[in-house]
Amino acid sequence: MFSSRLPRPLTAAEISDYREGGAAVIRGILAQDWIDRMGRAVDRILANPGSAGIEYTPKEKSGRYYGDFFVWLRDPDFKDLMMASPLPELAAQLMGARRVSFFYDQLLVKEPGTAEPTPLHQDLPYWPVKGEHIMSVWVPFDPVRFDSGAVQYVYGSHKWGKLYAPKSFGKDSGFAPMYSKSGFLTMPPETELLEGQRVLKWETEPGDVIVHHPRTLHFSHGNARSDLRRRAVALRYLGDDACFDARPGTFMENPKVQALLPSGQYEFKDGERMINEAFPLVWPRA
Ligand SMILES: O=C(O)CCC(=O)C(=O)O
């Protein structure tokens with residue numbers, strides 16, 4: 001039986017680490033049966049990439065950095081993870097939200113020997129959403145080590161009051177035309193931005209998750225290990241004050257992403273709460 005409830009109450013320290021630092025590790029949240037089931041589900045997707053799936057690793061190079069979006073709309077295991085696992089309750093408690101809806105899932109796999117990094121970025125500029133109750137839960141299905149692609153987060157950067165223009169994760173991913181319209185600040189060179197900053201990073205075991213705020217700057221290196229895969233999915237949840245932001249230049253303008261959604265389900269008015277078949281209410285449970 002796959003548990004749908006949190007195995008323990010969150011601690012006050014976990015909640016304040018998330019709110020103050022903009023990222024926190026929450027250990028021992030998913031039982032092994034969820035991990036085994038999702039490991040198999042991820043491998044199915046890797047063997048049968050989606051129509052919006054992106055190979056960030058060029059063909060001639062070693063390893064594989066694969067990304068995909070809205071996998072839950074075609075895979076029942078991804079759907080159960082975002083909806084029927086302990087994660088909606090976790091998101092509600094960390095955000096302090098009464099009602100939580102699901103925005104989308106993003107699969108992010110770095111196979112052994114993958115050089116491609118994930119560039120330093122904040123999530124919010126990529127998304128047509130605004131508000132404070134917006135949260136990502138990064139769920140790894142393999143042990144993650146610092147040299148296998150652990151994600152790193154700039155402490156407190158969600159409170160800097162700055163948003164930097166989105167960057168494409170891969171050169172040929174098809175998103176560059178959208179992002180050039182965003183109008184946000186151009187990010188200074190990464191070394192300059194990271195100089196003197198406290199950077200949070202954690203090695204994790206399957207069952208642990210990492211949560212981060214949509215304005216937190218984060219990045220990861222490639223997977224330099226030959227013995228460890230790094231399969232993970234980032235689940236994006238929206239709470240009480242999150243709503244549609246009609247500004248131009250977001251990833252949902254990409255026709256390949258729109259084609260994943262039931263017709264018209266990505267059209268909202270500015271300021272409207274995004275709840276429909278494609279963005280379902282997941283907490284409290286029906
Ligand atoms: O998995 C990674 O390398 C990056 C994760 C990320 O950017 C995210 O969860 O928003």
Side-chain angles (χ1 to χ4, degrees), residues 18 21-26 38 42 45-46 53-57 63-72 78 81-82 87 90-91 94 102-129 134-154 157-158 163-170 173 175 179 187 190 193-194 199-204 206 208-225 228-238 242 250-252 257:
Y18 167 67
V25 64
I26 316 285
M38 290 309 301
V42 172
I45 301 297
L46 290 170
I54 304 174
E55 302 287 351
Y56 296 114
T57 301
R64 183 181 189 189
Y65 181 7
Y66 178 77
D68 210 337
F69 309 86
F70 290 98
V71 181
W72 78 272
F78 278 75
L81 182 74
M82 68 80 168
L87 299 175
L90 175 107
L94 284 164
F102 189 62
F103 181 22
Y104 76 104
D105 58 293
Q106 185 168 355
L107 182 61
L108 296 146
V109 175
K110 295 190 180 191
E111 296 286 18
T114 297
E116 285 67 41
T118 304
L120 184 65
H121 69 282
Q122 296 158 301
D123 295 333
L124 199 59
Y126 293 76
W127 296 344
V129 292
I134 305 171
M135 200 184 86
S136 291
V137 186
W138 192 83
V139 189
F141 306 112
D142 299 293
V144 180
R145 300 293 172 257
F146 293 140
D147 58 359
S148 75
V151 186
Q152 308 193 31
Y153 305 84
V154 181
S157 52
H158 63 310
L163 285 176
Y164 296 105
K167 307 172 188 168
S168 296
F169 282 19
S173 60
F175 286 96
Y179 298 158
M187 192 184 285
E190 293 190 9
L193 203 68
L194 294 176
V199 175
L200 301 170
K201 59 180 178 177
W202 298 276
E203 294 193 330
T204 53
D208 301 342
V209 302
I210 297 176
V211 292
H212 74 268
H213 187 279
R215 280 198 286 274
T216 303
L217 281 157
H218 58 287
F219 66 100
S220 71
H221 297 305
N223 179 358
R225 298 284 288 245
L228 271 186
R229 307 177 72 189
R230 200 223 68 176
R231 293 168 296 174
V233 65
L235 303 179
R236 326 293 192 178
Y237 290 99
L238 305 176
T250 73
F251 87 113
M252 283 209 346
V257 173

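Numbering of ligands and ligand atoms starts at 1, following listing order.
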Any idea which atoms of ligand 1 are less than 4.0 Å away from a heavy-atom of [X]?
X	answer
Asp123	10 (O)
His212	8 (C), 9 (O), 10 (O)
Arg236	8 (C), 9 (O), 10 (O)
Ala234	9 (O)
His218	6 (C), 7 (O), 8 (C), 10 (O)
Ser220	2 (C), 3 (O)
Leu108	1 (O), 5 (C)

Exercise for review: Identify, for atom 2 (C) of ligand 1, the protein heavy atom at the shortest distance, and state residue, atom and that distance.
Suggested key: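 It is Arg230 NH1, 3.4 Å.
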
Exercise for review: Among all protein heavy atoms, pick out the one at the shortest distance from atom 4 (C) of ligand 1; state its residue, atom name and that distance to 0.1 Å.
Suggested key: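 It is Thr118 CG2, 3.6 Å.
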
**Study point:** N/O donor-acceptor pair under 3.5 Å between Ser148 side chain and Leu228 backbone
**Key:**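 No; judged by distance alone, with no hydrogens or angles, the pair does not exist.
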
**Study point:** Polar side-chain atom of Asp147 near backbone of Ala224 as donor-acceptor pair, under 3.5 Å
**Key:**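 Looks like no, no N/O pair under 3.5 Å.
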
Practice item. Flag the pair Glu116 and Lys110 as a salt bridge only when some basic side-chain nitrogen lies within less than 4.0 angstrom of an acidic carboxylate oxygen. Key: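 No salt bridge links Glu116 with Lys110.
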
Review point. Any non-hydrogen atom of Gln122 lying under 4.0 Å from ligand 1?
Key: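 False for this residue.
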
Exercise for review: State if His121 counts as touching ligand 1 under the rule of any non-hydrogen atom under 4.0 Å.
Suggested key: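 Checking ligand 1 against His121, which is what was asked, there is a heavy-atom contact under 4.0 Å.
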
Exercise for review: Please work out whether the ring planes of Phe169 and Tyr126 are parallel, tilted or perpendicular, with thresholds of 30° and 60°.
Suggested key: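 Ring orientation, 0 to 90° scale: perpendicular.
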
Review point. Using 30° and 60° as the class limits, which term best fits the ring planes of Trp127 and Tyr104: parallel, tilted or perpendicular?
Key: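 Perpendicular.
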
Exercise for review: Return a yes/no value for Ser136: is any of its N or O atoms, backbone included, closer than 3.5 angstrom to an N or O of ligand 1?
Suggested key: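 No, Ser136 has no N/O under 3.5 Å of an N/O on ligand 1.
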
Check your understanding: Between His218 and Asp123, is any side-chain donor less than 3.5 angstrom from a side-chain acceptor?
Key ->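 His218 vs Asp123: donor-acceptor pair found between side chains.
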
**Study point:** Thr216 to Val154 - nearest heavy-atom pair and separation
**Key:**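 Residues Thr216 and Val154, closest heavy atoms: CG2-O, 3.8 Å.
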
Exercise for review: Could you walk me through whether Tyr56 and Tyr66 pass ring-ring contact (aromatic ring centres under 6.0 Å, His included), step by step?
Suggested key: CA-CA 6 Å; Tyr56 296 114; Tyr66 178 77; 8.2 Å; no

